[in-house]
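Quick note on labels: first sequence line is chain A, next is B, and so on, each numbered from 1.
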Amino acid sequence: MIGGGAVAQEARLSEILRVFATLGMLSFGGGLSGWIHREVVTKRRWMSEEGFLAGLALSQVLPGPNSVNLALYIGQQLRGLSGAAVAFLGILGPPFLFILALALAYGWGAGVAGVGVVLGGMAVAGLANSLSVAARAGRRLRGVRAWGIVALVFVAVGLLRWPMIPVVLVAIPLSIALSWHEHV
Amino acid sequence: MFERLLALILVFAPLSLVSLGGGPSIFAEMQRQAVEVHGWLSAWEFNELFAISRAAPGPGSLISALVGWQAAGFLGALVAALALYLPAAGLLLAVGGWWRRRGDSPVRRRIERGLVPVAVGLILAGVLTLMRADGAGVLEYLLLLACTAALLGGASPYLVMLGVALLYAGLLRGGWL
């Protein structure tokens with residue numbers, strides 16, 4: 001069980017590879033965390049909601065693409081280094097081969113203009129997936145203090161475009177301190 | 001050949017550790033190194049590769065594979081991608097391993113609980129940033145809300161994705177886009 005809360009199932013390495021290989025091909029325009037959440041928390045119960053969100057925050061704070069970091073984190077928490085390795089292979093392998101094939105096709109003169117517009121629309125659907133993760137997590141948040149932290153981070157990083165690292169370096173300790181004495 | 005591969009590693013491995021939030025933070029430096037410093041490709045070609053990487057699944061930073069491909073073929077693509085991803089992966093595993101060894105404890109649960117609102121705020125900020133980067137208009141924001149409502153109502157993401165693809169294909173055919 002990872003991070004307390006929900007019942008977690010034992011994850012097999014082949015299963016981790018299969019899940020992330022499928023997920024890797026779904027990420028158009030950066031909305032992948034919603035898909036990962038659906039597979040890992042909702043459908044398979046490999047992790048609790050809190051464990052997942054902690055990994056998501058960590059993935060966003062450390063360097064590297066969020067989706068790759070999240071895959072590494074989940075693989076490692078489930079099965080250690082070998083879990084992380086298959087998750088990494090799964091989430092990057094298929095898109096790596098696909099992008100080379102696409103570049104080859106482009107070089108041969110296949111038109112991609114119309115495809116780009118449709119993929120742009122699908123990117124919006126991917127972002128909606130992320131937004132639904134935020135909405136579901138938001139339903140579980142209680143109290144003005146937690147929502148104050150959400151607003152603080154959103155306004156600073158999203159609207160004011162402040163650099164993320166200093167913002168979270170303030171927001172994380174503040175958030176933990178504010179909720180420390182509430183019942184776990 | 002070996003020198004090309006070494007040069008790819010020397011360009012991409014340091015970028016790995018400053019790629020905060022993934023690709024967007026390092027595109028400018030990647031372009032400068034590949035085009036101006038090493039001359040692996042022209043600025044125009046870089047923009048084309050950028051468009052391809054936006055249209056392909058996977059993180060946008062996979063453009064590193066395309067740059068590596070231009071510089072040194074398939075091996076170049078592999079070396080460039082690994083150089084860009086492995087250093088950051090090592091750092092994440094170091095932090096994650098420490099976290100995992102702590103096991104389940106009240107302290108860990110308190111920290112995880114405190115991270116939740118920060119994650120929610122970051123997701124909202126990320127969605128807004130990517131919508132802006134794609135030049136989203138009223139249509140896209142309405143679509144975003146409609147898709148989110150459908151997903152929260154229990155719709156399958158695959159169906160939502162398919163619906164959006166069909167909608168856009170229809171709009172494109174009708175000359176609306």
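- Using a 4.5 Å cut-off between heavy atoms, A:Leu141 contacts chain B through its side chain alone, with no backbone atom that close.
- By a heavy-atom distance cut of under 4.5 Å, A:Ala84, A:Phe88 are the residues of residues 82-90 of chain A near chain B, going up by number.
- Nearest heavy-atom pair, B:Pro57 versus A:Pro95, reported as atom, atom and distance to 0.1 Å: O-CB, 3.6 Å.
- Within the 4.5 angstrom heavy-atom criterion, no atom of B:Arg102 approaches chain A.
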Verdict with reasoning, A:Tyr73 to B:Arg100, per side-chain contact (heavy atoms from CB on, under 4.5 Å): CA-CA 10 Å; A:Tyr73 173 85; B:Arg100 186 172 189 239; over 6 Å; no

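- Heavy-atom minimum distance, B:Leu66 versus A:Ala103: CD2-CB, 3.5 Å.
- Within residues 5-13 of chain B, no residue approaches chain A closer than 4.5 Å by heavy atoms.
- Across B:Leu144, B:Ile111, B:Leu78, B:Val164, the residue that shares the most heavy-atom pairs under 4.5 angstrom with chain A is B:Leu144.
- If you measure heavy-atom distances from A:Leu178 to chain B, you find no contacts under 4.5 Å at all.
- The most heavy-atom pairs under 4.5 Å with chain A, out of B:Val120, B:Val118, B:Ile63, B:Val116, come from B:Val118.
- Per-residue counts of heavy-atom pairs under 4.5 Å with chain A were compared for B:Gly163, B:Gly96, B:Ala146, B:Ala119; the largest is that of B:Gly96.
- Between chain B and the options A:Gly80, A:Ala137, A:Gly138, the largest number of non-hydrogen pairs under 4.5 Å is found for A:Gly80.
- The hydrophobic cluster containing B:Tyr141 also contains A:Leu131, counting ILVMFWY residues as joined when their side-chain heavy atoms lie under 4.5 angstrom apart, directly or transitively.
- Rounded to the nearest 0.5 angstrom, B:Arg110 CZ and A:Ser175 OG are separated by 13.5 Å.
- Chain B forms the most heavy-atom pairs under 4.5 Å with one residue out of A:Leu56, A:Leu23, A:Asn69, and that residue is A:Asn69.
- The shortest non-hydrogen separation linking B:Pro59 to A:Pro65 is CB-CB, 3.8 Å.
- The hydrophobic cluster containing A:Leu102 also contains A:Leu97, counting ILVMFWY residues as joined when their side-chain heavy atoms lie under 4.5 angstrom apart, directly or transitively.
- A single hydrophobic cluster is not seen to contain both B:Leu159 and A:Val133; linkage of ILVMFWY side chains at heavy-atom distances under 4.5 Å, directly or through other members, places them apart.
- For A:Ala151, there are no side chain to side chain contact (heavy atoms under 4.5 Å, CB included) partners at least two apart in sequence or on another chain.
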A:Arg161 and B:Arg132: CA distance, side-chain angles, deciding distance, side-chain contact (heavy atoms from CB on, under 4.5 Å) verdict: CA-CA 12 Å; A:Arg161 316 279 307 137; B:Arg132 281 182 173 168; 4.1 Å; yes

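- Between the side chain of B:Arg113 and the main chain of A:Ser179, a donor-acceptor pair closer than 3.5 Å is present.
- Between the side chain of A:Gln76 and the backbone N or O of B:Leu93, at least one donor-acceptor pair lies under 3.5 Å.
- Scanning both residues, B:Ala125 and A:Phe154, for their nearest heavy atoms gives N-CD1, 3.5 Å.
- Most heavy-atom pairs under 4.5 Å with chain A, from the set B:Leu115, B:Leu91, B:Leu122, B:Val160: that is B:Leu122.
- Both the backbone and the side chain of B:Ala65 come within contact range of chain A, with heavy atoms under 4.5 Å apart.
- Among B:Leu145, B:Leu124, B:Leu139, B:Leu143, the residue making the largest number of heavy-atom pairs under 4.5 Å with chain A is B:Leu124.
- Note on A:Leu100, A:Leu53, A:Ile91: by heavy-atom pairs under 4.5 Å with chain B, the leading option is A:Leu100.
- A:Val68 touches chain B through its side chain: at least one heavy atom from C-beta onward sits under 4.5 Å away, while N, CA, C and O do not.
- Hydrophobic clustering, with ILVMFWY side chains joined whenever heavy atoms are under 4.5 angstrom apart, groups A:Ile74 together with B:Trp98.
- The two residues A:Phe96 and B:Ala77 make their nearest non-hydrogen contact at CE1-O, 3.6 Å.
- When side chains are defined from C-beta on, B:Val107 counts as touching A:Trp180, because their heavy atoms get closer than 4.5 Å.
- Most heavy-atom pairs under 4.5 Å with chain A: of the set B:Leu166, B:Leu152, B:Leu128, this distinction falls to B:Leu152.
- Looking at B:Glu112 and A:Phe52, their side chains never come closer than 4.5 Å, going by heavy atoms from C-beta outward.
- A:Val153 and A:Val144 fall into different hydrophobic clusters, where Ile, Leu, Val, Met, Phe, Trp and Tyr residues are linked whenever their side-chain heavy atoms come under 4.5 Å apart, directly or through other members.
- Of the listed residues (A:Leu58, A:Leu92, A:Leu152, A:Val167), the one with the most heavy-atom contacts under 4.5 Å to chain B is A:Leu92.
- The side-chain hydrogen bond (donor to acceptor under 3.5 Å, both in side chains) contacts involving residues 145-160 of chain A comprise A:Arg145-A:Glu182, where partners must be two or more places apart or lie in separate chains.
- For A:Ser59 against B:Leu92, the heavy-atom pair with the smallest separation is CA-CD1, 4.3 Å.
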